Amino acid sequence: MIPPGETIGILGGGQLGRMLAMAAAQLGYRCHVFAPEADPIAADVCAQATRADWSDAAAMAAFAADCAVVTYEFENVPVAPLAALAEIALLPNARALEVAQDRLSEKRFVSELGGTTAPFHVVDTAEDLDRALTEIGAPGIVKTRREGYDGKGQWRIMADHEAQAVPLTGEPLLYEGFVHFFAEFSVILCRGSDGTVVFWDSAENSHVNGILARSVAPASERVLAQVPAARELAAKVAGALDYVGVLTLEFFATDAGPVFNEMAPRVHNSGHWTIEGALTSQFENHVRAICGLPLGSTALTAPHVEMRNVIGDAAEDWAQILSDPANHLHLYGKAAARPGRKMGHVTRLGW
Ligand code: AMP
């Protein structure tokens, strides 16, 4: 067990790191954030921050020397520089990071464990794309294998001729057949260092322009019927990776059962509702897991919990939101509101 008072290293400086650091502080830990950007918002609430490129081995070694354990809030951290952390634990481990960094490897990994994915085909060349369209057909989505998020790096192909618009620059891509789903949901679990697994209620998620807009728990009856199978798969993934911490799997709910979409080896936007909506949040249980502490209860604190993201520069009346005691407002302290940027979220507890 890592005792309170020690320092937790966080790779990545966004809102997930910020909320992790706030949960860690509640348990008496200090956090040190490592991020390449000039002004990481997680640093506002951390004891220490290192601003350096991922490849800066000296900075990574100095960071490691200050930390009792290191975790990440961003799955696109390059794996190679993490060798500098060898002496201390990286949790979740680098294997989880590697698998989840590439849409192809995560789909293969999950398929081998018995999960269902959308039909997919690797696309490196124009010929590959033709073959993918012949084998799988339109509609479908071309996605970058790495570093895509919030619908970025995706091209929807409604008819074969639209494939010509996809820029084939040599970046590894994947073509996925379109899944006809009636809902989307996530499974968020936390696995302790002793292998104990806890799940939060699965939230039903809705997206706008590929970005999460709203998560509602509990999900509808139709989705709830698919949760046991999805949980079983998620637990297998966690076990196979010898995973410690919070793991998220996103699913499409279809008439044929849950179809795995993607996984994130970290706390997740669709679990922000757990801060007020569960007895122990995803952030706190992640901290507990990586520090070797017992995991807390994930039970709901209200019969109905709803989280909506505050996105871009949409005009919002903060005073009005705050005047309703059912609302809990979280703003991430980001300076400029670019279209599509996640600026905060509001969780609403309902009785
Ligand atoms: P992703 O970045 O893969 O999570 O995609 C963002 C969103 O696009 C998903 O949450 C879905 O709403 C939609 N989407 C992605 N892949 C597919 C697919 N194969 N079929 C249907 N919708 C999809």
Side-chain angles (χ1 to χ4, degrees), residues 14 16 74-76 99-111 115-123 128-129 132-133 135-160 162-163 166 171-188 202-217 219-220 222-223 226 230 233-234 237 247-273 307-309 311-312 339-342 345:
L16 301 179
F74 171 66
E75 69 267 38
N76 294 318
V99 169
Q101 277 180 352
D102 182 341
R103 288 186 190 273
L104 176 63
S105 65
E106 70 181 10
K107 280 190 166 55
R108 283 187 174 150
F109 193 81
V110 166
S111 305
T116 305
T117 68
F120 62 92
H121 197 294
V122 172
V123 173
D128 290 335
L129 190 48
L133 283 164
E135 282 175 23
I136 298 170
I141 308 182
V142 176
K143 299 181 179 180
T144 53
R145 275 171 52 185
R146 292 178 168 272
E147 303 207 357
Y149 68 97
D150 286 347
K152 292 191 176 65
Q154 300 192 3
W155 297 267
R156 291 193 175 215
I157 313 283
M158 301 314 288
D160 287 13
E162 291 177 9
V166 177
E171 187 180 12
L173 304 171
L174 205 65
Y175 180 74
E176 270 181 39
F178 203 80
V179 176
H180 297 281
F181 56 82
F182 61 80
E184 293 184 77
F185 68 101
S186 40
V187 170
I188 307 184
S202 270
E204 190 162 333
N205 303 323
S206 36
H207 295 80
V208 175
N209 300 325
I211 304 175
L212 182 68
R214 197 173 287 270
S215 292
V216 175
S220 59
R222 276 177 97 192
V223 166
Q226 309 215 343
L233 179 66
V237 170
L247 172 71
T248 306
L249 269 73
E250 291 182 80
F251 290 92
F252 301 123
T254 76
D255 292 338
V259 173
F260 166 82
N261 176 26
E262 62 178 353
M263 63 191 254
R266 54 166 170 78
V267 288
H268 195 260
N269 192 171
S270 63
H272 290 359
W273 65 269
M307 187 276 328
R308 72 169 176 90
N309 274 334
I311 293 177
R341 195 167 195 216
K342 291 173 181 167
H345 70 266

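Both ligands and their constituent atoms are indexed starting at 1 by order of listing. Starting from 1, each residue takes its place in the sequence as its number. Fair warning: this is a prediction, and the values are worked out from it, not measured in the lab.
For ligand 1, the atoms lying closer than 4.0 Å to a non-hydrogen atom of Glu184 are 9 (C), 10 (O), 11 (C), 12 (O). Close approach of ligand 1 to Ile141 (heavy-atom distance below 4.0 Å) involves ligand atoms 14 (N), 15 (C), 16 (N), 17 (C), 18 (C), 23 (C). Remark: ligand 1 atoms within the under-4.0 Å shell around heavy atoms of His207 are 10 (O). Heavy-atom contacts of Gly177 reach the following atoms of ligand 1: 19 (N) (cutoff under 4.0 Å).
Distance from atom 4 (O) of ligand 1 to its nearest protein heavy atom, with residue and atom name: Glu262 OE2, 2.7 Å. Atom 13 (C) of ligand 1 has as its closest protein heavy atom Arg156 NH2, 3.4 Å. Distance from atom 20 (N) of ligand 1 to its nearest protein heavy atom, with residue and atom name: Val179 N, 2.8 Å. Among all protein heavy atoms, the one lying closest to atom 22 (N) of ligand 1 is Phe181 CE2, 3.5 Å.
When all heavy atoms of Pro139 and Met158 are compared, the closest pair comes out as CB-CE, 4.0 Å. The shortest heavy-atom contact between Ala132 and Val123 is CB-CG2, 4.4 Å.
Judged by distance alone, the side chain of Tyr175 and the main-chain N or O of Gly140 form a donor-acceptor pair under 3.5 Å. Not one N or O on the side chain of Ser186 forms a donor-acceptor pair closer than 3.5 Å with the backbone of Ile188.
By the 30° and 60° cut-offs, the orientation of the rings of Phe181 relative to Phe252 is parallel.
Arg103 contributes atom CZ, which lies 6.5 Å from atom CD of Glu176 (distance to the nearest 0.5 angstrom). Taken from CE in Met263 to NE2 in His268, the straight-line distance is 11.5 Å, to the nearest 0.5 Å. From Arg146, atom CZ reaches atom CG of Leu104 across 10.0 Å, with rounding to the nearest 0.5 Å.
Residue Asn205 does not touch ligand 1, judged by heavy-atom distances below 4.0 Å.
The closest heavy-atom contact to atom 15 (C) of ligand 1, among the options Glu176, Gln154, Lys143, Arg103, comes from Lys143. Counting only non-hydrogen atoms, the option in Gly210, Gly153, Ser270, Gly140 that gets closest to atom 6 (C) of ligand 1 is Gly210.
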